[in-house]
Protein chains: 4
Amino acid sequence: MPRPKDHSKVENIYQAALQLVIRRGFNEFRMADVAKAAGVATGSLYTYFRNKEELVNALFLDTAQQLYSSLQVEKRTETTHYHFMKIWTSYYNYCFVHPDHMLFIDQYQHSGFLSDETKNEAKLHLKSFDDFLHHAQEYGDLRMLNLEVLKALILGSVHEFTKLNIEHPGTMDFHALETCKEMIWEAVKERRA
Amino acid sequence: MPRPKDHSKVENIYQAALQLVIRRGFNEFRMADVAKAAGVATGSLYTYFRNKEELVNALFLDTAQQLYSSLQVEKRTETTHYHFMKIWTSYYNYCFVHPDHMLFIDQYQHSGFLSDETKNEAKLHLKSFDDFLHHAQEYGDLRMLNLEVLKALILGSVHEFTKLNIEHPGTMDFHALETCKEMIWEAVKERRA
Amino acid sequence: MPRPKDHSKVENIYQAALQLVIRRGFNEFRMADVAKAAGVATGSLYTYFRNKEELVNALFLDTAQQLYSSLQVEKRTETTHYHFMKIWTSYYNYCFVHPDHMLFIDQYQHSGFLSDETKNEAKLHLKSFDDFLHHAQEYGDLRMLNLEVLKALILGSVHEFTKLNIEHPGTMDFHALETCKEMIWEAVKERRA
Amino acid sequence: MPRPKDHSKVENIYQAALQLVIRRGFNEFRMADVAKAAGVATGSLYTYFRNKEELVNALFLDTAQQLYSSLQVEKRTETTHYHFMKIWTSYYNYCFVHPDHMLFIDQYQHSGFLSDETKNEAKLHLKSFDDFLHHAQEYGDLRMLNLEVLKALILGSVHEFTKLNIEHPGTMDFHALETCKEMIWEAVKERRA
DNA sequence: AATGAATGAGATTTCATTCAT
DNA sequence: TATGAATGAAATCTCATTCAT
């Protein structure tokens, strides 16, 4: 029996690659560096990924999956308002703890490095969030607006606030955060007659 | 800083570089490609810019200046609401026509390629917008919130909607746009007692 | 030298390697590919051959032995002319059926990959053909000429015609083949006083 | 004005590449080695050739052109026999002086490295030799046989004798050479009624 | 003995920058 | 000043070989 393909190594590679993406400013990361940081040989990267492009795509998918999973959508038990706040906060918290993940996704989303397939597959992880928004609209709790537009505003706001945190740490204190949540809710909530 | 020997050539270079940034997926653009697209020799780039980094920084400044100038802040003659709508719309329109400018700024803003000096200088062009927001807060028309946070929300929303336009052209129709403006206003406006 | 632990496996490896040499254009064949095609693990190749060089040498010997055995030299019972035609034809037929074998030998014969030992050992399988030529010269049936030169012409002609068959299938029809045999015989036969 | 692309450098590269092909046994030559031997930087090879494959193809064409130009076909002024001997001898002499050229052509002719286009283009340089053979057949001086077959025998014989020269220098002495010429002529000449 | 994942030296190729013209 | 061929350091990728299982 050969050594079984070590899938924890793939995790190490993802971690290392992400760290480097951040450190080297999102512009470029070198395969040799990824290998070294992951504690494997350069050539080993190519047992897991056919080339650099495939590694980036896989890393993107893996990261997007984690990032979007942080949108804690649950079965409807509370008011839309309550649920919305909870989801937004959980997403914000994830971005706060892992700004690198969010930045990576944000940066590469529109880059030519990613295949359309990857981009589409990444979006699948937003399905339950889509459903939440859709149902909330049907209940008359959210503005009737193209879902993509709604999503862009909600997730985009988190992204922007996270970038702010990176550039000016401390700006987003407790009070600011509460206000932000409130603002976004005011933006998206339906105004009843 | 470019030595403005021949300003039209520098303009060509900027144009060419921006086009390439878009085409090559924001990841990398080659000096040779920029030169060819700009209709100059590779070596000539180095008469205008000391190296690639300087070219990127100069391009960033030039683009940011144009982009941020589109925030048509005027002297206060109308209500804050009216003025806000006008500014947001003019910015949105610029992004709609030049999505590449906006994407370039958005992508490189947090990249290690830019010097802090460049980043700061770029922000100077937001000074009049800062002033507008600040005064509007003083008049009690906008939420009392860290200016950076307010800005992040306002400009960020335009950026997100522009990205939407790129990915799904047509999503942002007239109705959606009006609603978006309304949403952002609802988010940032001060609720009086 | 292969350790003949499992002779059928070595045969598989030879077959696979030859197939690959053909497919990959005689330039390079990869150990991993040979292993896969032979249905064994990469590492297993190294139980049979110390390294790639040894595999090539062994393959060369094996193939040369088969190729040269097709020169059906028998005890002198017929005229030299009859015997010559028979031998040439049997060699031609083998090459026609196994052009890959012939090409492999032809390509690697002068390549630095083979040890002198291998080259010499391969030539031993031409011993009986050498004898045939030598005796035919003594009988005054073949030109008195350095044996190597004679061999070069006789075997070389078959090789050339075989290559022709590969490049332009059908060129060597029955008539052409008969003429070729005749030509070579005219070339090598002794003209008596 | 930039440095004009130095086409003598291409010649250097060809020379260097050929030398290496020989030295390293026709199996492989490294771009870095070619560059060093040609006295240029590694990267410079890529200003002349897009990649290794293109270099090999160009080298093949260049070498084939030289090799085949040595077939000194002239206007018919003498007997076919005389002319044939002259051509064969001039080709043999070229191969004797440049065995490396001949070996390179012979080795790569059937290798997957060359494009079909290259192979076909190389053959164009045999056009005047084809014409010579064709006319000689019409005059009733050469056997009526597919031209390709005739060529294979004539050129192939030279190749084989050249290889002999490499392996056993001295074998092809003056006497042997004269006999060889005679043999080939006996093989290809038409036997009149 | 057999496996095939892992290795890493070494190959090819790229591209920012220089420099002869 | 302008040119673009030339450079070579540094990147990506390959593949013969090793070795833990």
Side-chain angles (χ1 to χ4, degrees), chain A residues 1-7 9-10 28-36 38-55, chain B residues 3 5-6 9 24 28-36 38-56, chain C residues 3 5-6 9 24 28-36 38-56, chain D residues 1-7 9-10 13 28-36 38-56:
Chain A
M1 286 291 265
R3 277 172 277 187
K5 209 180 234 181
D6 188 348
H7 269 279
K9 232 161 237 177
V10 171
E28 208 65 58
F29 63 92
R30 280 166 255 168
M31 294 300 267
D33 290 348
V34 172
K36 205 198 285 187
V40 298
T42 333
S44 302
L45 294 181
Y46 293 85
T47 48
Y48 295 106
F49 309 97
R50 233 187 340 227
N51 50 38
K52 187 179 175 179
E53 194 179 337
E54 204 172 86
L55 168 52
Chain B
R3 301 161 228 171
K5 294 274 169 185
D6 185 337
K9 236 168 228 179
R24 291 194 42 91
E28 205 69 53
F29 64 92
R30 276 163 272 185
M31 293 299 268
D33 288 349
V34 172
K36 204 201 283 188
V40 299
T42 331
S44 302
L45 293 182
Y46 292 82
T47 25
Y48 297 105
F49 307 95
R50 217 171 12 197
N51 51 36
K52 188 178 177 180
E53 195 178 337
E54 203 173 84
L55 167 51
V56 172
Chain C
R3 299 163 231 171
K5 295 274 169 186
D6 187 335
K9 236 168 226 177
R24 291 194 42 93
E28 206 69 53
F29 63 91
R30 275 163 276 187
M31 294 298 268
D33 289 349
V34 171
K36 205 202 280 186
V40 300
T42 330
S44 301
L45 292 181
Y46 292 82
T47 33
Y48 296 106
F49 308 95
R50 214 167 17 194
N51 52 35
K52 188 180 179 180
E53 196 178 336
E54 203 173 85
L55 168 53
V56 173
Chain D
M1 287 289 265
R3 277 172 276 188
K5 208 181 237 183
D6 188 348
H7 269 279
K9 233 163 235 177
V10 171
I13 293 170
E28 208 66 56
F29 63 93
R30 278 165 258 170
M31 294 299 267
D33 289 349
V34 172
K36 204 198 283 184
V40 299
T42 335
S44 302
L45 293 182
Y46 293 84
T47 48
Y48 295 105
F49 309 97
R50 234 188 337 230
N51 51 36
K52 187 179 176 180
E53 193 178 337
E54 205 172 85
L55 167 52
V56 173

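For clarity, every value in this text was computed on a predicted model and none was experimentally measured. The basis for the numbers below is simple: all heavy atoms, side chains too, and nothing from hydrogens, waters or symmetry mates. All chains are named by letter (A, B, ...) in the order of the sequence lines, taking the proteins before the strands, and each is independently numbered beginning at 1.
If you measure from atom CZ of C/F29 to atom P of F/dC15, you get 13 Å, rounded to the nearest angstrom. Atoms CE (D/M31) and C1' (F/dA9) sit 17 Å apart, rounded to a whole Å. For D/I13 and F/dA5, the CD1 to P distance is 14 Å, given to the nearest whole Å. One interatomic measurement links the two molecules: NZ of A/K36 to P of E/dG8, which rounds to 13 Å at whole-angstrom precision. E/dA16 atom P lies 6 Å from atom OH of B/Y46, rounded to whole Å. Between the CG atom of B/D33 and the P atom of E/dT17 there is a distance of 15 Å, given to the nearest Å. Computed from coordinates, the B/K52 NZ to E/dT18 C1' distance equals 17 Å when rounded to whole Å. One can place CZ of D/F49 at 15 Å from P of E/dT12, the figure rounded to the nearest angstrom.
Side-chain atoms of D/F49 and D/V10, non-hydrogen and from C-beta on, do get closer than 4.5 Å to each other.
Nucleotides of DNA chain F nearest to D/K9 and A/G43 differ in position, and the one nearer the 5' end is that of D/K9. When each of D/N51 and B/N51 is assigned the nucleotide of DNA chain E bearing its nearest heavy atom, the one mapping closer to the 5' terminus is D/N51. When each of A/T42 and C/T42 is assigned the nucleotide of DNA chain E with its nearest heavy atom, C/T42 is the one assigned upstream, toward the 5' end. Comparing B/S44 and D/L45 by the nucleotide of DNA chain F that holds the closest heavy atom to each, the one mapping nearer the 5' end is B/S44.
Taking a pair as Watson-Crick or G-U wobble with both distances under 3.5 Å, DNA chain F forms stems of 3 or more consecutive pairs at E:2-21 with F:2-21.
Judged by distance alone, with hydrogens and angles left aside, the side-chain atoms of B/K36 form no donor-acceptor pair with the main-chain N or O of B/T42 at under 3.5 Å. A distance-only check finds no donor-acceptor pair linking the side chain of B/K9 to the backbone of B/L45 [under 3.5 Å].
At least one side-chain nitrogen or oxygen of B/T47 sits closer than 4.0 Å to the OP1 or OP2 atom of F/dA2. Contact annotation: B/Y48 side-chain N/O to F/dT1 OP1/OP2 distance is not under 4.0 Å.
Residues satisfying the salt bridge (Lys or Arg N to Asp or Glu O under 4.0 Å) test with C/E53, not counting sequence neighbours, are none. In terms of the side-chain contact (heavy atoms from CB on, under 4.5 Å) criterion, residue partners of A/Y46 (sequence neighbours excluded) are, by chain and number, A/M31.
Between C/R50 and C/E54, the shortest heavy-atom distance links the atoms N-OE1, 2.9 Å.
The list of salt bridge (charged side-chain N to carboxylate O under 4.0 Å, His left out) pairs with a residue in residues 38-47 of chain C, not counting sequence neighbours, is empty.
Minimum atom distance to the side chain of B/V40 is reached by F/dT3, of the listed E/dT3, F/dT3, F/dT7.
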